[in-house]
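Keep in mind it's a predicted model, so treat the numbers as computed, not measured. Quick note on labels: first sequence line is chain A, next is B, and so on, each numbered from 1.
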Protein chains: 2
Amino acid sequence: MTRSAILDHAVKLASQVGLSGLTIGHLAEDLKLSKSGVFAHFQSKEALQIQVLETAAQRFVEEVVKPALGEPRGEPRLRAIFQRWLGWAKSQQTPGGCLFVAASVELDDRPGPVRDRLVELQSEWLALIANVVRAGIAEKEFRLDADPEQLAHDLYAVMLGYHHASRLLQDPRAQARANAAFDNLIGACRQTRRTA
Amino acid sequence: MTRSAILDHAVKLASQVGLSGLTIGHLAEDLKLSKSGVFAHFQSKEALQIQVLETAAQRFVEEVVKPALGEPRGEPRLRAIFQRWLGWAKSQQTPGGCLFVAASVELDDRPGPVRDRLVELQSEWLALIANVVRAGIAEKEFRLDADPEQLAHDLYAVMLGYHHASRLLQDPRAQARANAAFDNLIGACRQTRRTA
DNA sequence: CCTACCGATCGGTAGG
DNA sequence: CCTACCGATCGGTAGG
């Protein structure tokens, strides 16, 4: 049993039960290994939790970031980011929803290296979105006075709202609501081509 | 030791460690009771979890809903709801942030009576916000074509974004960002008084 | 409200 | 990778 196969399953499990609900015993049983066999791959539960975050982050880059960055700068690229982000949140790879959403709420008041790494990853992601917005401003697709950090923050909020509506409330209109919120935000900072 | 004193502390504890992280033993130690002394007040951990939700919901009504409903219909009332909601999320009464946010992520894939009750409470809250929007439309403060459910959903998303920015990222601009997002949403559905 | 206890499970270790 | 084990803690029960 390879370490990466263990981490693969651990990411799935953690999306359902959280990073602290994730136990070495449960992992071992699912993979038909002994507890100590699983434990030997990591030196502590904390190290396992961090490796789970790293594994999910790598997968997020492959499934969301890289393909979206292949789209043309400006609105198409921002739209691709958003759509793939929603897709990630309902991916069968993380059956419990977005692992980062679960971990954010779980760790927001638990200081330590796991939380620190999560904050780094989330900050990098927000900065990347802001850069995509900045590129759109430079391309004159977005207004010069658009606020890239505010828009990145707002898009994060829309994604959290989608997560709440689709997963907890099981609202069939969740995706339509998220799309409407996205269009509203984009519309407000789209460059209006003046006819004068 | 009264049952309500136990629940009072349980709400605080649950906001920090979640409804499943909440343990009878931890509760007993903090309150200097025996485990079975605490347990005797409830018949199961599940019943305790539901009572924690009920206690928090009652407090939410007292601190957020009732005062806001004292404001004039339309924008002032919606603004009061939003401001008090943010205040609730950083209240010292729930040191781990909004209990409902924590419970939503924790329970979104754990079927059962606790989750069912949470969904009811959250749905009622969204419906109440939508009704406040509807009253604002009737007062002609908001546009006739404003969508009350969409706006309620969007305000929920802004609150989740605030929670994430302030608690996980510890962004000092979190409140300013939430206010900007609120103003943006309200501005889009404010009745434009035509001069014609 | 208490003491005393149950079987299960936790993270982790010893030794191989 | 394994068996066998550690002390701690879990939800819950018996009996008072």
ask   = Rounded to the Å, how far apart are A/His41 NE2 and C/dG11 C1'?
value = 17 Å
ask   = Do the side-chain N or O atoms of A/Ser34 get closer than 4.0 angstrom to the phosphate oxygens (OP1, OP2) of D/dC1?
value = no
task = Side chain of B/Leu33 only, please: which of D/dC2, C/dG11, C/dC2 is the nearest?
result = C/dC2
request  = Verify the ring-centre separation between B/Trp85 and B/Phe100: is it less than 6.0 angstrom?
outcome  = no
ask   = With sequence neighbours left out, what residues match A/His153 under ring pair (Phe, Tyr, Trp, His ring centres under 6.0 Å)?
value = none
message = At 4.0 Å (heavy atoms only), tell me whether A/Leu48 reaches a base, stays on the sugar-phosphate, or touches nothing.
response = nothing
ask   = What pairs of residues pass the salt bridge (charged side-chain N to carboxylate O under 4.0 Å, His left out) test when at least one of them lies in residues 51-65 of chain A, not counting sequence neighbours?
value = A/Asp8-A/Arg59, A/Glu54-A/Arg117, A/Glu62-A/Lys66
inquiry  = Could you write out DNA chain C as dot-bracket? Rules: Watson-Crick or G-U wobble, both distances under 3.5 Å, brackets [ ] for crossings, | for pairs with another strand, dot for unpaired.
reply    = ||||||||||||||||
task = Round to a whole Å and report the spacing from NZ of B/Lys32 to C1' of C/dC1.
result = 17 Å
task = Could you name each residue pair satisfying salt bridge (charged side-chain N to carboxylate O under 4.0 Å, His left out) that touches residues 155-170 of chain B, not counting sequence neighbours?
result = A/Asp108-B/Arg167, A/Asp109-B/Arg167
ask   = What are the two closest heavy atoms between B/Leu151 and B/Leu185, and how far apart are they?
value = CD1-CB, 4.0 Å
query = For B/Glu29 and D/dG11, what is the distance between atoms CD and P respectively, to the nearest whole Å?
reply = 13 Å
task = Identify whether the distance between the nearest side-chain nitrogen and carboxylate oxygen of A/Arg134 and A/Glu149 falls below 4.0 Å.
result = yes
ask   = Passes ring-ring contact (aromatic ring centres under 6.0 Å, His included), B/Trp125 versus B/Tyr156? Steps please.
value = CA-CA 10 Å; B/Trp125 173 231; B/Tyr156 205 111; 8.1 Å; no
request  = Return each pair, listed once, that meets side-chain hydrogen bond (donor to acceptor under 3.5 Å, both in side chains) where at least one residue sits in residues 43-53 of chain B; pairs must be two or more places apart or across chains.
outcome  = B/Arg3-B/Gln51
Below 3.5 Å between N/O atoms, which protein atoms pair up with nucleotides 12-15 of chain C? Just atom names and distances, please.
{"residue": "C/dG12", "atom": "OP2", "partner": "A/Lys45", "partner atom": "N", "Å": "2.7"}

